[in-house]
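Structure first, then comments.
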Amino acid sequence: MEYNFKAIEKQWQQKWEQEGVYKVHHQTGKPKCYVLDMFPYPSGAGLHVGHPLGYIASDIFARYKRLKGFNVLHPMGYDAFGLPAEQYALEHGIHPAISTARNINTFRKQLDNIGFCYDWSREVRTCDPSYYKWTQWIFLQLFKSWYNRKAQKAESIEKLVEIFEKEGNANHPIPNLKFQISNLKSGIFAASDWKGFDEATQQSVLMEYRLAYCSYGEVNWCEALGTVLANDEVVNGVSERGGYPVIKKKLRQWYLRITEYADRLQSDLNTLDWSDAMKEMQTNWIGKSTGMEIKFPLSISPRRGEEMEENVAKNREKKEATPGFGYAKYKVGSGMSFENAKRMRKEPTEAERLLWSSLKGKATGYKFRRQHPIENSIADFVCLDTWLIVEIDGGYHDHPEQQKLDKERDAFLKEIGFTTVRFTNEQVMDNVEKVIKTIKDTCDAIKSAGAQKRAAAGSSSPLQGEAGVRVYTTRPDTIFGVDFMVLAPEHELVNQITTPEQKQAVEEYLTYVNTRSERERIAEKKITGCFTGAYATNPLTGKQIPVWISEYVLGGYGTGAIMAVPSGDERDHKFARFFNIPITNIFGALYNGDNAVMDKNVTIYDSGFITGLKVNEAAEQVMTWLEDNEIGERKVNYKMRDAAFSRQRYWGEPFPVIWKNGIAWPLDENKLPLELPHVDSYKPGPEGEGPLANITEWTVVPGGVRETNTMPGYAGSSWYFLRYMDPHNDEIFCDRKASDYWNQVDLYIGGTEHAVGHLLYSRMWTKVLYDLGYIGFNEPFKKLLNQGMIQGSSRFVYRVRGENKFVSAGLKEQYDTDQIHADVNMVDGVELDIGAFKKWRNGEYAQAEFILENGKYICGVEVEKMSKSKFNTINPDDLVAKYGADTFRMYEMFLGPVEQSKPWDTKGIEGVHRFLKKLWRLFYDEQKGRVWTQEQPSAEELKVLHRTIKKIEDDTERFSFNTAVSAFMIAVNELTDLQCHKKEILEPLLILLTPYAPHIAEELWHHLGNDSIVLDAAYPVFEEKYILESSKSYPVAINGKTRTEMSIALDATQQQVEELVLANETVRKWMEGKAPKKIVYVRNKMINVVV
RNA sequence: GCCCGGAUGGCGGAAUUGGUAGACGCGCCAGACUCAAAAUCUGGUAUUGGCAACAAUGUGCAGGUUCGAUUCCUGUUCCGGGCACCA
């Protein structure tokens, strides 16, 4: 009786399916175990041998846990929305739903071949409306929630509205300080303000709090294709398809406010059983840093208004490039000067004179100055306590162009912290009392808002309302070494501070940066940048430093501006060298002029009051000083940004949102799912909108239009592990009873490529659902196992250039050749099957000639990524057909550690197949038939069995599946040597083998007379008594080099061992008569004699 | 560029906590069975020298710690993954 794997595997797969042996339910008394594979995207290329690696590992673990008495949830489904299907639709006109369904069928067939124990009754597909109904529902919960920082959890937006109605937002300031709401003067409003806001303003304010919110973000825009491109569709600044230019464009986008969860995402890593590497990657992604936000005044600080004239004059003497950025009459560089300012103060208009008489001498309770220089222009009146500017506009301000300039000017002043109010001459002349009252009220409002803000922040916030550029630094100790400042090219101030002389250069540089992807900007080794012409003042030293822009500073991180310390930062150092900016040394002898000092455990020199201090102490003192002087504040910063949550694509979940007059309104939850409408064209909509924008009969609804963006790939995959627990529920995404039972995923297997994307997003969603009370745990994946990648081993043929002639690899040096991928399936080892090659690609090479070596054509070999385009993919179906699923499963595991990447080599599979046949022969002989017996096992046989039980159990628990396969081989080899065919030994062995090779185990299990399935058997229990040894063969080393072996009783004492060892002939030979200095004896390990 | 991981015979890999480097399998070599082949079985196989016993060398490279290092530390090279719109 032969091992007929084909019949066996087919028969059992059918039986398992018919009897539903993998169906599980949460109402049992057993302990649960949730084993999950990362959600696969069903690609059109089908499975290659790399894909099932993790699935086999999880299948082994799931079966093992079931044998150990657990109720195991082990589901599978499809992350079925995605770009490739849409791209395929664009190219072939096949609807993504159709190609996706087809791909899923292929996928499923391939999976079924391998004999997995999935509970297919729980399958989910993200593109199925019954699934994405709940993705949309969760999105609405995100939309209807905000993050209460005080409570450190998400809460419903209605609760926030209640708070606003009661106390305004003083206790819950707007999370994003860079918010832009046109009707909102400051970020803080009172309850009365809130009630006075119109609906649009109220909704804009709420949008600033929602966990899913709308904002504007940059995308890769390709004008020629009329579409937004993914990062990997952009190569070297042009589109991958067609090579058209790609620039950045701002589009309205949805975002998830994941930054509010940064701290919890960080600290909760401690509760997870993940590899340190994985935790480290997430930590780096979150990028929490503590440092200081420091304000550098721009050239002249209004606070130092009295010194200004002198400074400017000095600057002008020193260099021609006086900072100049003005508007109309304020222009300093041309026309306006401080002489003019003085003159104007002496010659005020009638209205100014009138107003001044009512303002001077603290008449309003606030001290005002008139004709006061502010940032290189002259304000008519300014209150330096409240940062209020009062302008009296003459007749020419009616001119539209001047109004535009005034508006720009006001916006700039607002950015640097001023509030501007404007009055006409007539207003002042007609009713000066009213004007004064307005000014006084505004001052009061600013003052109370400032106080509220300080109260909200829990400390004074000196940066609010102060002029200058804010930089973020984690090294405040290096502030005496600042030689220049770099702004992100997209920094709002760039336009305003650029001098006329530098305008052209800056504009050219900005054009260049606009073509650069963020990745390119970070990775660029070449140093690029541009001087703005402006100078800033180091608040500690008073030193004037030039302000540059460069692509290496990103707008999204920190404040979008850095203080550059060339002697203490490598990138700054290279920048300074490249642009010839003088470098200040603050590290004494440590800085050699060639490399920046990156060491953080050094002493700071030439730095005023921190000279001689270590980095940490110096930083502390600088921070304290800056805080005391209200120039900087301590800040915790995160590298992580809010997650972009929309795509201008068709094949994704539609947003359940309707826009009415610019306000986003959620769809009623009872109207979900909002189904994706059918389209005939996948072409983008106008202005970069998604294809949905083209279907007006869908987008236009009474009173508004639908959102035309769709959700990104990670929407559906951020919560799918919850749906598996209760996949058919129509009432809720997952019944709380089910999620309470199944709880966290106990083992999650997938590749490291998901380290920071999927794994962070699903952690966030879990935390939100937890905060809102829908589930009872706040981390989705307790234990994470990362599978390595199986690489392909490519084969090459060498075509003689210009001829239809191929030369064998060993002879290719003699010719001028081109290297061409040959399909690995036509190659046996390295020998090419010439016949198959000639038929390949419809006979493209049918007429080719071959130059052979030793009568063979030998191919070149290279390890590459496994991919169809490299003709190095191996289809698991072929291997299963040839060797069976059990062999395939065990061979995939046998290749090496699951976590490690390794190249595929089909050759070795024979060895595993031989092992299974050898196992079979312990039960049945080809000639003799049944050989297994009911005889009593010997001590030796029991030792083999129990050593194997221990090894397999240990290895399976620690996911060392490759060594477990070896252990099976060793056991079968040993039992064969012992000629052991005893049921009492073989039966437990079959149970051990079940997770690894379920079909053969099941078959032989039934041959041994069992009726129930082997998965319901009890796992064998290891008993130490069978494997105890009384002595051990010790390696004996002299001076660390092993020289001989000695068998010594395990309970020998140090003294006994020493006597035995010194009496040994080999030992004495190597000691060459010298006395031993020391004898190291480690019980059960080794002996070392030191001479 | 930044972050994470990896490197051991001809090949995949083993050595679980610093303790006999190369388990197990492939490949290769030799032998048995066979008319022959396949399958199967037996033995050998890190490198160098030697008939052998044995000796020297050896875990990417250069150092260090230790009685002892594939394992720990410092530096370095190469390869793989990720870097926010592939999934």
Side-chain angles (χ1 to χ4, degrees), chain A residues 38-43 79 81-84 87 219-220 228-234 253 275-278 280-281 283-285 287 518-525 552 556 570-571 639-644 646-649 712-714 717 751-758 760 786 788-789 791 793 829 863 865 891 894-897 899-912 914-915 917-918 921 926 954-955 958 960 962-963 965-970 973 976 1033-1045 1077-1080 1082 1084-1091:
Chain A
M38 281 190 195
F39 219 15
Y41 175 80
S43 91
D79 187 11
F81 276 130
L83 204 52
Q87 193 53 40
V219 294
N220 299 313
V228 176
L229 297 176
N231 279 339
D232 64 343
E233 293 177 303
V234 183
Q253 304 280 3
S275 71
D276 289 341
M278 192 59 64
E280 223 171 310
M281 276 191 262
T283 299
N284 291 334
W285 182 269
E518 199 167 285
R519 179 102 51 94
E520 288 169 326
R521 283 174 54 176
I522 302 166
E524 184 59 67
K525 273 192 218 166
Y552 79 86
E570 201 50 57
R571 221 166 21 176
K639 204 151 72 194
M640 183 165 70
R641 307 195 289 256
D642 280 343
S646 49
R647 304 288 183 260
Q648 290 69 50
R649 300 284 177 181
Y714 66 84
S717 62
T752 48
E753 65 272 24
H754 298 288
V756 285
H758 162 63
L760 265 181
N786 291 115
M789 193 182 275
Q791 294 143 325
S793 181
V863 172
K865 201 168 154 173
Y891 183 56
F894 187 61
L895 274 180
E899 294 101 318
Q900 240 168 65
S901 291
K902 55 243 158 186
W904 178 266
D905 179 16
T906 301
K907 280 261 165 187
I909 199 169
E910 303 267 0
V912 176
R914 256 172 236 154
F915 151 75
K917 285 200 274 192
K918 199 165 177 179
R921 284 201 300 274
E926 261 181 64
D954 282 1
D955 283 356
R958 65 190 180 96
S960 179
N962 56 326
T963 52
V965 176
S966 296
F968 280 123
M969 290 175 170
I970 293 168
N973 288 347
T976 305
S1033 175
Y1034 282 93
V1036 182
I1038 287 92
N1039 283 337
K1041 280 210 149 74
T1042 306
R1043 296 299 179 184
T1044 188
E1045 260 178 38
K1077 210 187 271 174
K1078 185 163 130 193
I1079 296 177
V1080 184
V1082 184
N1084 211 5
K1085 293 283 185 200
M1086 46 62 71
I1087 297 158
N1088 187 18
V1089 182
V1090 186
V1091 183

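Reminder, nothing fancy here: chain letters follow the sequence lines and each chain counts from 1.
Remark: A/Arg571 engages A/Tyr552, A/Asp569 in a side chain to side chain contact (heavy atoms under 4.5 Å, CB included) (not counting sequence neighbours).
Base orientation of B/G9: syn, since the glycosidic angle falls within 90° of 0.
For the residue pair A/Thr963 and A/Asp955, a side-chain donor N or O sits within less than 3.5 Å of a side-chain acceptor on the partner. With 3.5 Å as the limit, one finds a donor-acceptor pair spanning the side chains of A/Lys918 and A/Asn973.
Residue order along RNA chain B, read from the 5' end via each residue's closest nucleotide, puts A/Thr752 first among A/Leu83 and A/Thr752. Ranked by how close their nearest RNA chain B nucleotide is to the 5' end, A/Arg1043 and A/Arg647 are led by A/Arg1043.
Here chain A contacts RNA chain B (any atom closer than 4.0 Å to a heavy atom, that is under 4.0 Å), and the contacts span B/G1 to B/A87 from 5' to 3'.
A/Met640 comes within contact range of at least one nucleobase, with a heavy-atom separation under 4.0 Å. Nucleic acid contact class of A/Val1080 (heavy atoms, under 4.0 Å, all strands): base. Using a 4.0 Å heavy-atom cutoff across all strands shown, A/Ser646 reaches at least one base atom of the nucleic acid.
Other residues, nucleotides and ligands place more than 12 heavy atoms under 6.0 Å from the NZ atom of A/Lys902. For A/Asp276, the CG atom counts as loosely surrounded, since its 6.0 Å shell holds 12 or fewer non-hydrogen atoms of other residues, nucleotides or ligands.
Applying the Watson-Crick and G-U wobble criteria (two distances, each under 3.5 Å), B/C67 pairs with B/G19.
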